[in-house]
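First comes the structure, then the notes that go with it.
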Amino acid sequence: MLAYVFWHRPRDGLATDEYLAALTAFHERIGVPSWFSALQRPPWGEDAGWYEDWYLVEDWNDLGRLNEAAVSGPRKAPHDEAAALAGGGAAGIYRLRAGRPERPGWAGWLSKPAEVSGPGVSLWQRQMVLGPTPEFVVLAPAPVSLPWPRVETGPG
């Protein structure tokens with residue numbers, strides 16, 4: 001399983017509720033398992049105001065289909081509206097290495113973990129460098145103790 005992860009922030013001066021409405025409309029139509037969360041901070045910096053979208057697909061072929069579908073048909077208008085409201089973004093593609101994919105309540109970004117396990121915990125590894133993020137992320141329903149240095153970003 002692969003995840004396309006997109007970090008973005010609203011344009012300066014834009015009302016949060018307008019941005020959230022556009023994101024919600026897009027996620028309701030995308031047609032793959034997806035979610036977005038407001039972050040306390042992005043995995044690579046200290047500045048607040050970022051959001052993180054996760055889009056789950058089975059393989060690279062599905063990722064290509066998602067790329068096309070996101071900007072066509074009934075998804076075009078909600079995509080274009082959300083994109084017009086965004087002030088910047090970065091992305092990455094991650095492969096599920098362990099666990100089951102589900103919407104987390106916590107995320108810890110790190111460089112090289114050993115084994116990670118637990119109820120609701122999943123480990124994802126970056127496959128393509130499309131942004132300044134660390135190589136791995138552990139997602140879990142709540143914070144978990146990890147023996148490695150990591151950046152905690154708040155809700156996943």
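- Taking both residues in full, the closest heavy atoms of A90 and P132 are given as CB-CD, 4.1 Å, listed atom of the first, atom of the second, then distance.
- When all heavy atoms of P104 and A140 are compared, the pair lying nearest together is CB-O, 3.5 Å.
- When each of W44, W50, Y51 is checked for a ring pair (Phe, Tyr, Trp, His ring centres under 6.0 Å) with W7, only W44 meets the rule.
- Judged by distance alone, the side chain of R75 and the main-chain N or O of A69 form a donor-acceptor pair under 3.5 Å.
- Counting heavy atoms from C-beta on, the side chains of P101 and W124 come closer than 4.5 Å.
- Taken from CD in E46 to CZ in R41, the straight-line distance is 4.0 Å, to the nearest 0.5 Å.
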Step-by-step side chain to side chain contact (heavy atoms under 4.5 Å, CB included) determination, Y19 to H8: CA-CA 11 Å; Y19 197 60; H8 50 92; 2.5 Å; yes

task: List the steps and the verdict of side chain to side chain contact (heavy atoms under 4.5 Å, CB included) for R150 and V138.
output: CA-CA 10 Å; R150 74 223 168 251; V138 175; over 6 Å; no

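- Taking the side chain as every heavy atom from C-beta outward, E58 and M1 approach each other to under 4.5 Å.
- No side-chain donor-acceptor contact under 3.5 Å links R29 to the backbone of A70.
- There is no path of hydrophobic side-chain contacts, each under 4.5 Å, that joins V5 to V71.
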- prompt: Stepwise, does the side chain to side chain contact (heavy atoms under 4.5 Å, CB included) test hold for L139 with W54?
  reply: CA-CA 12 Å; L139 301 180; W54 283 70; 3.7 Å; yes

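- Using a 4.5 Å heavy-atom threshold, the side chains of P42 and D47 count as touching.
- One distance of note links CG of L146 with CG of L123; it measures 9.5 Å at 0.5 Å rounding.
- Residue E28 holds its CD atom at 9.5 Å from OG of S34, rounded to the nearest 0.5 Å.
- In this structure, the separation between CD1 on I93 and CG on L2 is 7.0 Å, given to the nearest 0.5 Å.
- A distance of 7.0 Å separates CH2 of W109 from OG1 of T153, quoted to the nearest 0.5 Å.
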task: Could you go through the side chain to side chain contact (heavy atoms under 4.5 Å, CB included) check for V57 and R65 one step at a time?
output: CA-CA 9 Å; V57 297; R65 285 189 281 279; over 6 Å; no

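- Checking D53 against Y55 by side-chain atom types alone, a donor-acceptor pair falls below 3.5 Å.
- The nearest pair of heavy atoms linking G99 to L96 is O-CD2, 3.5 Å.
- The hydrophobic cluster containing W60 also contains F6, counting ILVMFWY residues as joined when their side-chain heavy atoms lie under 4.5 angstrom apart, directly or transitively.
- Pairing each heavy atom of G49 with each of R9, the nearest pair is O-CB, 3.4 Å.
- Scanning both residues, P141 and G120, for their nearest heavy atoms gives CD-O, 3.5 Å.
- When every heavy atom of A107 is checked against every heavy atom of V137, the shortest pair comes out as CB-CG2, 4.2 Å.
- Atoms CG and CZ, from L20 and F36 in turn, are 5.5 Å apart once rounded to the nearest 0.5 Å.
- At a threshold of 4.5 Å between non-hydrogen side-chain atoms, the residues P10 and L85 do not count as touching.
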